[in-house]
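In what follows, chains carry the letters A, B, and so on, assigned in the order in which the sequence lines appear, proteins first and then strands, with residues in each chain numbered from 1.
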Number of protein chains: 2
Amino acid sequence: MQATESVTAADIVGALRRRGMRITPQRQAIVAEVMRTRGHISPAEIARRVQSQMPGVNPSTVYRTLAMLESAGILAHAHLEQGAEYHHAGEEGHVHLVCARCAAEEDLSVQEARSLARLIGRHHGFRPDLTHFAISGLCKSCQEFLDS
Amino acid sequence: MQATESVTAADIVGALRRRGMRITPQRQAIVAEVMRTRGHISPAEIARRVQSQMPGVNPSTVYRTLAMLESAGILAHAHLEQGAEYHHAGEEGHVHLVCARCAAEEDLSVQEARSLARLIGRHHGFRPDLTHFAISGLCKSCQEFLDS
DNA sequence: GTATATGCAAAGGTTTTGCACAGCC
DNA sequence: GGCTGTGCAAAACCTTTGCATATAC
């Protein structure tokens with residue numbers, strides 16, 4: 001049920017080489033930083049972290065690398081409340097539920113995501129990508145808090 | 001079925017007065033601009049339009065006014081591909097479907113939105129606000145184009 | 001050696017903030 | 001008259017772009 005989970009940095013380097021992309025120390029650091037991140041991370045935050053361990057890496061390099069990794073199908077970005085955030089592309093059906101009050105995050109299961117997509121698909125044949133935007137709302141505990 | 005549609009600028013002025021907010025020419029212009037907009041509009045675009053007909057209005061005033069109108073429940077913002085966009089809070093169940101390829105926009109019906117919300121609600125009791133983020137995907141014609 | 005990636009610098013754009021002044025009530 | 005809102009200026013961010021240099025292959 002989950003076989004796409006174990007993507008290593010080595011796999012990515014291989015994929016880049018196969019595409020004729022060059023493996024630079026900067027790219028290695030950026031890839032490593034994203035790999036070590038569970039969930040999502042903003043470009044600016046990646047830039048900050050990479051710079052703290054490899055000073056001199058320019059933000060523009062980070063942005064260009066992220067765009068390249070996305071067009072290579074290795075990363076994807078989603079829109080959360082505070083802006084764009086990157087995550088491993090392998091995390092299929094990764095639908096973000098974000099509580100508007102406490103910012104807690106949950107994920108929809110792959111099965112649930114499919115049901116949703118099917119329901120929306122009936123509307124004019126639109127095929128949704130539910131992973132691209134988060135879904136805002138109220139988590140259970142915040143609902144209870146507000147109802148009391 | 002649609003009674004919340006006909007909110008006038010006068011209604012808003014009244015609501016503000018009731019809350020003890022002051023009615024300035026700038027606020028009137030900003031409210032008028034949002035009211036005349038069908039669908040959504042970005043803060044920067046509001047600033048541009050308001051300035052073009054009332055030069056001297058500062059962007060910071062626009063941002064402060066929009067935040068005020070949102071906390072008063074008169075406006076709400078949603079996240080589309082290019083960032084935050086404001087719309088009348090009255091537009092209930094206004095779920096944006098945006099085509100990732102051609103940027104065409106459709107809306108989900110109130111009924112469809114309810115079905116979706118119910119489905120998501122089963123997940124840990126999360127109560128979604130599907131109006132807050134757009135839903136990305138491919139419209140029917142772009143699917144057909146890509147499949148050929 | 002050559003094509004590609006990086007650093008640098010600059011610019012562009014959006015949004016926020018502090019403060020003195022203006023103006024709504 | 002007093003309190004609130006506005007303009008102004010500055011700054012904080014984030015992100016993009018052109019160009020010369022460095023470097024992976």
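The minimum heavy-atom distance linking B:P25 with B:M54 is given by the pair O-CE, 3.7 Å. Smallest separation of non-hydrogen atoms from B:P43 and B:Y63: CB-CE2, 3.5 Å. When all heavy atoms of B:T131 and B:A78 are compared, the pair lying nearest together is O-CB, 3.4 Å.
Between the side chains of B:H79 and A:E81, at least one donor N or O lies within less than 3.5 Å of an accepting N or O. Using modelled atom types, one finds a donor on one side chain and an acceptor on the other under 3.5 Å when comparing A:T8 with A:D11. A donor-acceptor contact closer than 3.5 angstrom links the side chains of B:S60 and B:R64.
Scanning residues 27-37 of chain A for heavy-atom distances under 4.0 Å to DNA chain C yields A:R27. Of the residues in residues 70-82 of chain B, not one comes within less than 4.0 Å of DNA chain D through any heavy atom.
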*Worked verdict on A:D129 versus A:H132 for side chain to side chain contact (heavy atoms under 4.5 Å, CB included)*: CA-CA 6 Å; A:D129 169 14; A:H132 192 62; 3.6 Å; yes

*What's the verdict on side chain to side chain contact (heavy atoms under 4.5 Å, CB included) for B:L130 and B:H94, showing C-alpha distance, side-chain angles and the deciding distance?*
CA-CA 8 Å; B:L130 291 161; B:H94 196 280; over 6 Å; no

_Determine whether B:E45 and B:E85 satisfy the following criterion, side chain to side chain contact (heavy atoms under 4.5 Å, CB included), listing intermediate values before the conclusion._
CA-CA 9 Å; B:E45 181 59 23; B:E85 302 259 324; over 6 Å; no

*Report the C-alpha distance between B:Q26 and B:Q28 in whole Å, list the side-chain angles of each, state the deciding distance to 0.1 Å, and finish with yes or no for side chain to side chain contact (heavy atoms under 4.5 Å, CB included).*
CA-CA 5 Å; B:Q26 293 90 334; B:Q28 289 181 31; over 6 Å; no

Which pairs of donor and acceptor atoms, one on a side chain in residues 116-128 of chain A, lie under 3.5 Å apart (sequence neighbours left out)?
{"from": "A:H123", "atom 1": "ND1", "to": "B:E112", "atom 2": "OE1", "distance (Å)": "2.9"}
{"from": "A:H123", "atom 1": "ND1", "to": "B:E112", "atom 2": "OE2", "distance (Å)": "3.2"}
{"from": "A:H123", "atom 1": "NE2", "to": "B:D107", "atom 2": "O", "distance (Å)": "3.1"}

*asked:* Let me check I have this right: for DNA chain D, each base becomes ., (, ), [, ] or |, based on Watson-Crick or G-U pairs with both distances under 3.5 Å. What is the full string?
replied: |||||||||||||||||||||||||

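Residue B:G56 is classed as a sugar-phosphate contact, given heavy-atom separations below 4.0 Å to backbone atoms only.
Ring orientation note: the planes of B:H77 and B:Y86 are tilted relative to one another, at an angle of 30° to 60°.
In this structure, the separation between OG on B:S141 and CZ on B:R101 is 8.0 Å, given to the nearest 0.5 Å. Here CZ of B:R48 is found 9.5 Å from CD of B:Q51. Values are rounded to the nearest 0.5 Å. To the nearest 0.5 Å, atom CD1 of residue B:I30 and atom CZ of residue B:R27 are 8.5 Å apart.
In this entry the distance linking CG of A:L69 with P of C:dA5 reads 11 Å, nearest Å.
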Taking only nitrogen or oxygen atoms into account, show me every contact under 3.5 Å that the protein makes with nucleotides 23-25 of chain C, one pair per line with its distance.
{"from": "C:dG23", "atom 1": "N2", "to": "B:R22", "atom 2": "NH1", "distance (Å)": "2.4"}
{"from": "C:dC24", "atom 1": "O2", "to": "B:R22", "atom 2": "NH1", "distance (Å)": "3.2"}
{"from": "C:dC25", "atom 1": "OP1", "to": "B:R17", "atom 2": "NH1", "distance (Å)": "3.3"}
{"from": "C:dC25", "atom 1": "OP1", "to": "B:I23", "atom 2": "N", "distance (Å)": "2.9"}

Under 3.5 Å, which protein N or O atoms sit close to an N or O of nucleotides 12-18 of chain D? Give each pair with its distance.
{"from": "D:dC14", "atom 1": "OP1", "to": "A:R48", "atom 2": "NH2", "distance (Å)": "2.9"}
{"from": "D:dC14", "atom 1": "OP2", "to": "A:R48", "atom 2": "NH2", "distance (Å)": "3.4"}
{"from": "D:dT15", "atom 1": "OP2", "to": "A:Y63", "atom 2": "OH", "distance (Å)": "2.2"}
{"from": "D:dT15", "atom 1": "O5'", "to": "A:Y63", "atom 2": "OH", "distance (Å)": "3.2"}

